[in-house]
Number of protein chains: 2
Amino acid sequence: MPATDRVEAVAEQVFVALADPRRRGVLAVLAANGPSTATDLADRLPITRQAIAKHLALLADAGLVTAEHGERRRVRYGLQPAPMQLAQQFLAALTRDWDHRLDALKNHLEG
Amino acid sequence: MPATDRVEAVAEQVFVALADPRRRGVLAVLAANGPSTATDLADRLPITRQAIAKHLALLADAGLVTAEHGERRRVRYGLQPAPMQLAQQFLAALTRDWDHRLDALKNHLEG
DNA sequence: TTGTATTGCAACCAGATAGTTGCTATTCAT
DNA sequence: ATGAATAGCAACTATCTGGTTGCAATACAA
């Protein structure tokens, strides 16, 4: 698989993740408070722990958070900025590409 | 409503739009070929015209495409880059914010 | 050992989403 | 007037998504 396809796949997962306000909420709490457990997050957000757990699973699958297993069966989830940066680059490239193509079409019509 | 909320609302719609491969396909065709009708797009993509029309409605709602009514009842949809740029700025700000907060947390632990 | 706190799994529900088919209306050419 | 091409609307289906409740298992404290 070409590298650009893998980039697009990661970007897609990031877009899916950021498309949901509750997931953005989870990420915001993690950014503000540092690594937290699902139970901690459920205290600060208006949904149940199990709902949080599902969102965390999706975020972990996208690489946006990673789980670290601590003492007493506790699992803390921490932010992982790399996929965000990838998605940002993908978005920037897409915008540039569009602008370039639209300019080319415009010039083609004028010329 | 504060301006940042409106930015976030637009960014969310862009993320939703870009989260779907078929929608990215529609946008790619529009970028490559310029404004096109739903029927044109249906010829180039593996889904029916009606499915395309639904995606176009969502994209238009997000401001990513605009409809121009032409002759003979034809409606052509063209790319609109502004919301993309907004989403890009939102994503960049988010990434910066995370990095800043994570650094602060790290320094807090070390200091 | 009993209790408390935590995680993980499964079943279930309601609503949204993607797609299809079928139909109607409009426009223009023959 | 007929026919071809296009766009829009509605109904229907299947799948995905977000959320809940309930329950079992684990770990530690008293």
Side-chain angles (χ1 to χ4, degrees), chain A residues 8-9 11-30 33-79, chain B residues 8-30 33-79 83:
Chain A
E8 178 162 0
E12 174 170 328
Q13 289 181 296
V14 173
F15 293 146
V16 169
L18 295 183
D20 185 305
R22 279 137 303 200
R23 260 173 329 244
R24 290 200 304 275
V26 168
L27 294 170
V29 172
L30 291 182
N33 299 19
S36 316
T37 67
T39 306
D40 289 342
L41 292 165
D43 285 340
R44 297 173 180 273
L45 295 167
I47 50 179
T48 60
R49 175 183 62 87
Q50 286 84 345
I52 302 268
K54 288 190 184 179
H55 288 304
L56 284 172
L58 187 148
L59 293 171
D61 201 53
L64 286 166
V65 304
T66 52
E68 17 172 320
H69 298 259
E71 85 295 346
R72 197 173 172 172
R73 210 73 183 174
R74 284 178 88 100
V75 181
R76 302 207 309 167
Y77 292 86
L79 230 50
Chain B
E8 177 161 0
V10 171
E12 174 169 326
Q13 288 181 298
V14 172
F15 293 147
V16 169
L18 294 182
D20 186 305
R22 280 139 304 204
R23 257 168 336 238
R24 290 199 305 275
V26 168
L27 295 170
V29 173
L30 291 181
N33 299 20
S36 316
T37 67
T39 306
D40 289 342
L41 292 165
D43 285 341
R44 299 174 178 273
L45 294 166
I47 51 178
T48 61
R49 175 182 61 87
Q50 286 83 346
I52 302 268
K54 289 189 185 180
H55 287 304
L56 285 172
L58 186 147
L59 293 171
D61 200 54
L64 285 166
V65 304
T66 53
E68 17 173 319
H69 299 258
E71 84 296 344
R72 198 171 172 173
R73 211 72 184 173
R74 284 179 88 101
V75 180
R76 302 206 310 167
Y77 293 86
L79 230 49

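A note on names: the letters A, B, ... follow the listed sequences, proteins ahead of strands, and every chain is numbered from 1.
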State whether [X] places a side-chain N or O below 4.0 Å from either non-bridging phosphate oxygen (OP1 or OP2) of [N].
X       : N      : result
B/His69 : D/dA7  : no
A/Arg23 : D/dG18 : yes
A/His55 : D/dG19 : yes

field: Heavy-atom side-chain contact between A/Val65 and A/Leu79 under 4.5 Å
entry: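 Yes, their side chains come closer than 4.5 Å.
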
Keeping [X] on the side-chain end and [Y] on the backbone end, is there a donor-acceptor pair under 3.5 Å?
X       : Y       : result
A/Thr66 : A/Leu64 : no
A/Arg49 : A/Ala42 : no
B/Arg22 : B/Leu45 : no

Mind calculating the distance between [atom1] ([X]) and [atom2] ([N]) to the nearest angstrom?
X       : N      : atom1 : atom2 : value
B/Asp40 : D/dA7  : CG    : C1'   : 13 Å
A/Arg76 : C/dT6  : CZ    : C1'   : 15 Å
A/Leu58 : D/dG18 : CG    : P     : 7 Å
B/Arg22 : D/dC16 : CZ    : P     : 11 Å
B/Asp61 : C/dT17 : CG    : C1'   : 15 Å
A/Asp20 : D/dT17 : CG    : P     : 11 Å
A/Leu56 : C/dC9  : CG    : C1'   : 16 Å
B/Ile47 : C/dT20 : CD1   : P     : 7 Å

- prompt: On DNA chain C, nearest-nucleotide positions of A/Lys54 versus A/Tyr77: which is more 5'?
  reply: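 Here A/Tyr77 is the residue nearer the 5' end.
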
Using nucleotides 21-28 of chain C, report all nitrogen or oxygen pairs with the protein that are shorter than 3.5 Å.
unit_1	atom_1	unit_2	atom_2	d
C/dG22	O6	B/Gln50	NE2	3.2
C/dT27	OP1	B/Arg73	NH1	3.3

To the nearest 0.5 Å, tell me how far [X] [atom1] sits from [Y] [atom2].
X       : Y       : atom1 : atom2 : value
A/Arg76 : A/Glu71 : CZ    : CD    : 8.0 Å
B/Leu59 : B/Leu18 : CG    : CG    : 8.5 Å
B/Ile52 : B/Thr37 : CD1   : OG1   : 10.0 Å

